[in-house]
Amino acid sequence: MTIGAGPRGPGVLVIEPMGNAGRFLVEAAGRLGLPLYAATRKDIHDGYPDRLRSALAGVCATDLTDTPRALADMEAFCRQHAIAGIAACFELFTPLAAQLAQRVGLPGNDPLLARAARNKILMGEAFAAAGIPAPRWTVVHDGAEAHRAARSRGLGWPLVVKPAEQGGSWGVSVVDGPDRLASAVGAARQYTYAHPHGLKLDARALVQEYIPGAEYSCETVVADGVAYPLPVVRKDTTEGRYRIETGHTCPSGLSAPLARRVQHTAARAALAVGVRNGIAHTELKIPPGTATPYVIETGARLPGDNLCEIIEAATGVNEAVAYLQAVLGRVPDTVASATDAATIRFLLPEHGGVLRQVFIPQTPGTHSELHLRPGDTVPEPADSACRIGHVVARAETVEQARGLADQVAARSRVEVG
Ligand SMILES: Nc1ncnc2c1ncn2[C@@H]1O[C@H](COP(=O)(O)OP(=O)(O)O)[C@@H](O)[C@H]1O
Ligand SMILES: [Mg+2]
C-alpha cells in the first residue's frame, strides 16, 4: 500500500526513518535534492512527528516484522517509484535493507553477513573470524550457565552481561562478582520483542570479558566495498553497573596515529559484518598502556545520540549525506572542511520517579533540548531511556567545548520526585 504522493523518483527508501538519525537523513536528502521515501507500518506512520511526515515523498506501508511480505511490498514500491537506493535507520532492520537491496539489484550490504551487524553473537563470530581485537565472550541462557562460564572461560571480574539483540545500553550490566550475575542475566534476557514494530528478538544473553580504558566511537562509510573512515569521537559513560553515555566529544583528543588506528579497526569491523554500500557505527575501548582498540560493537547504521550534529559541527563532514551517497553507489564526501570541536552532554537523573522541574541555562556557544517534560515519568538510570535532556557546545578546541558543556550541565537543575 502507498500513502501520499505518486512517483517522483529517483529517490532513497529508508526502512523506518523514525528515531534519532532519521532527522539527519531527512536534512541530508534535502541537501542532495533527493526524494526520501519510508517503509513502515501504517499506525507507526500515523504517529510520526509532522516534520518527518511532511518531509517524505511517499510511504510504503507494510509489516516489517513479516520478512517475505515486507520484501514483496517494498520491491513493488521500489519499482513503482524508481527507487535508486535503500537505507536503514533502525539497527534491527539493517539485515532487511541488505536483503531488499539484493532483491531489487541496488547497492547494499552483504545479506549473508548482515545479521552479524545486529546480533552480538554472530558479530562476535565475525570479529573472531576476521581476527579483530574484541572481548572474549560466551552465550548463556540462565544464571547457572553464566556462573559455569565465568569459572571455566577465565573471563575474570568484572564481566559484562548483555542481550544478543538490543541497543541503548538496555539490559547491559557490568558485574563485579558472582552475587549479581544471575540477576544480570535475567535483565539481559527480558527483551523478547522490540518496540514499536514488535520485531522478535534473539533473547539469549552474552557474558563478555570486561575491556578497561577510555571509550571511542567511529563511523565508517563504505562504497562499493571501499572503506572511508570518518572522524573519531570520545565517548563518556557512567561508571559502575550500568554504562550509560553521559556525552560525546569530537575530535577525540587521541594522537593522530592512535586515532588512525581506531579508524582502521572500525573499518575492519564494518567490513567483517558485511557492510559494502552503507555506513557502520563502531564502538571501541583502548586498554590503558596499550595502543590496541578493542571493538565493543558495530552496527550498520548512522550513529544515534545526535552524533551526526556533533561530527558536522567539529569537522564539516555530514555523515548522513555520506551514507546516502554510499547507498546510491556514489563516492561519499568524507573530507573534513573544519577543525573545530563539539561536545554533547546528556542530563541524567540520580534516580527514577516523576520529573518535577528541569532548567538548563542558555549560554553563548551552546544550545539545549529537553527529552522529557515536567510531569513525565523518569525511568531508573539503568539505560539511555532515562535522559532528561542534552546540551551541545561548539568551540575552537576540545577543552573549550567540553568546558562549556560541563559548565552548562553543572548549572542545570533536574528535580525528580
Ligand atoms: N566488554 C565490555 N567491556 C567494557 N565495557 C563494555 C563491554 N561491553 C559493553 N560495555 C559498556 O557498556 C556499553 C553498552 O554496551 P554495548 O555492547 O555497546 O550495548 P548497546 O548495543 O546497548 O549499546 C558500552 O558502550 C560500554 O561502555
Ligand atoms: Mg553500544
Side-chain angles (χ1 to χ4, degrees), residues 19-21 90-92 94 116-124 126-128 132-140 146 149-150 153 155-176 181 184-185 187-191 194-195 201-219 233-248 252 262 266 269-270 273 280-288 290 292-305 307 346 348 379 381-387:
N20 184 282
F90 258 45
E91 180 169 293
L92 295 169
T94 54
R118 147 178 170 178
N119 184 299
K120 292 187 173 84
I121 297 169
L122 300 176
M123 192 184 296
F127 292 164
I132 293 169
R136 291 179 298 141
W137 57 276
T138 189
V139 179
V140 298
R153 296 288 313 273
L155 298 175
W157 301 98
L159 48 74
V160 183
V161 181
K162 62 175 74 169
E165 294 187 328
Q166 198 41 277
S169 301
W170 289 20
V172 179
S173 313
V174 176
V175 183
D176 53 14
L181 191 52
V185 174
R189 298 208 57 198
Q190 67 184 294
Y191 305 102
H195 183 74
L201 297 175
D202 177 350
R204 289 177 293 172
L206 285 84
V207 172
Q208 255 182 8
E209 171 189 22
Y210 179 81
I211 306 294
E215 190 160 350
Y216 301 89
S217 68
C218 178
E219 278 72 64
V233 170
R234 166 74 194 249
K235 161 162 157 169
D236 299 308
T237 69
T238 50
E239 292 293 317
R241 178 169 190 166
Y242 301 116
R243 301 292 164 104
I244 315 167
E245 286 102 349
T246 54
H248 304 270
S252 63
V262 168
V273 299
H281 165 76
T282 305
E283 297 173 345
L284 314 96
K285 292 190 80 176
I286 306 181
T290 80
T292 305
Y294 279 71
V295 177
I296 300 299
E297 65 156 339
T298 192
R301 56 169 174 83
L302 283 165
D305 286 7
L307 278 170
F346 297 104
L348 304 179
D383 56 54
S384 58
C386 71
R387 290 171 180 165

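Read the numbers this way: they start at 1 and go in the same order the structure lists the ligands and their atoms. Here the structure is a predicted model, which means the values were calculated and not measured.
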Give the residue and atom name of whichever protein heavy atom lies nearest to atom 12 (O) of ligand 1, and the separation in Å to one decimal.
-> R243 CB, 3.6 Å

Closest heavy-atom pair and its distance - G124, W137 | CA-NE1, 3.5 Å

Atoms in ligand 1 flagged as close to P135, the criterion being non-hydrogen separation under 4.0 Å | 1 (N)

Enumerated ligand 1 atoms positioned under 4.0 Å from heavy atoms of Q166 = 21 (O)

Heavy-atom proximity to atom 19 (O) of ligand 1, best of H281, R136, K120, E239 | K120

To which protein heavy atom is atom 3 (N) of ligand 1 closest, and what is the distance rounded to 0.1 Å?
-> I211 N, 2.8 Å

Out of V295, V160, V172, indicate the one that has the non-hydrogen atom closest to atom 6 (C) of ligand 1.
-> V160

What is the distance from atom CG of L201 to atom CZ of R189, rounded to the nearest 0.5 Å?
-> 12.0 Å

Output the list of atoms in ligand 1 that are nearer than 4.0 Å to some heavy atom of K285, sorted by atom number.
-> 4 (C), 5 (N)

Considering all heavy atoms, the nearest R234-S252 contact | CB-O, 3.5 Å

Contact check, side chains of V262 and I286, non-hydrogen atoms, under 4.5 Å | yes

Near K235 (heavy-atom distance under 4.0 Å), the atoms of ligand 1 are 25 (O)

Taking only non-hydrogen atoms of Y210 and a 4.0 Å limit, the atoms of ligand 1 in range are 3 (N), 4 (C), 5 (N)

Would you say E245 touches ligand 1, if touching means a heavy atom closer than 4.0 Å?
-> no

Identity and separation of the nearest protein heavy atom to atom 9 (C) of ligand 1 | K162 NZ, 3.4 Å

For the side-chain contact (heavy atoms from CB on, under 4.5 Å) test, which of H281, E215, E283, H248 pairs with V233?
-> H248

With atoms numbered from 1 as shown, which atoms in ligand 1 lie under 4.0 angstrom from a non-hydrogen atom of S169?
-> 14 (C), 20 (P), 22 (O), 23 (O)

Between the main-chain N or O of Q166 and the side-chain N or O of K120, is there a donor-acceptor pair closer than 3.5 Å?
-> yes

Distance col, row E297:CD vs M123:CE, nearest 0.5 angstrom, shows 6.0 Å

Would you indicate which of V207, L206, I296, D383 comes nearest to atom 10 (N) of ligand 1 when only heavy atoms are counted?
-> I296

Expected output: side-chain T138 to main-chain V207 donor-acceptor under 3.5 Å | no

Looking at M123, E165, E297, E215, the heavy atom closest to atom 25 (O) of ligand 1 belongs to E215

Salt bridge flag under 4.0 Å for residues E209 and R153 = no

Rounded to the nearest 0.5 Å, what separation is found between the OG1 atom of T282 and the CD1 atom of I132?
-> 9.0 Å

Mind reading off the angle at the Mg ion (ligand 2) between the OE2 atom of E297 and the OE1 atom of E283, rounded to 10°?
-> 90°

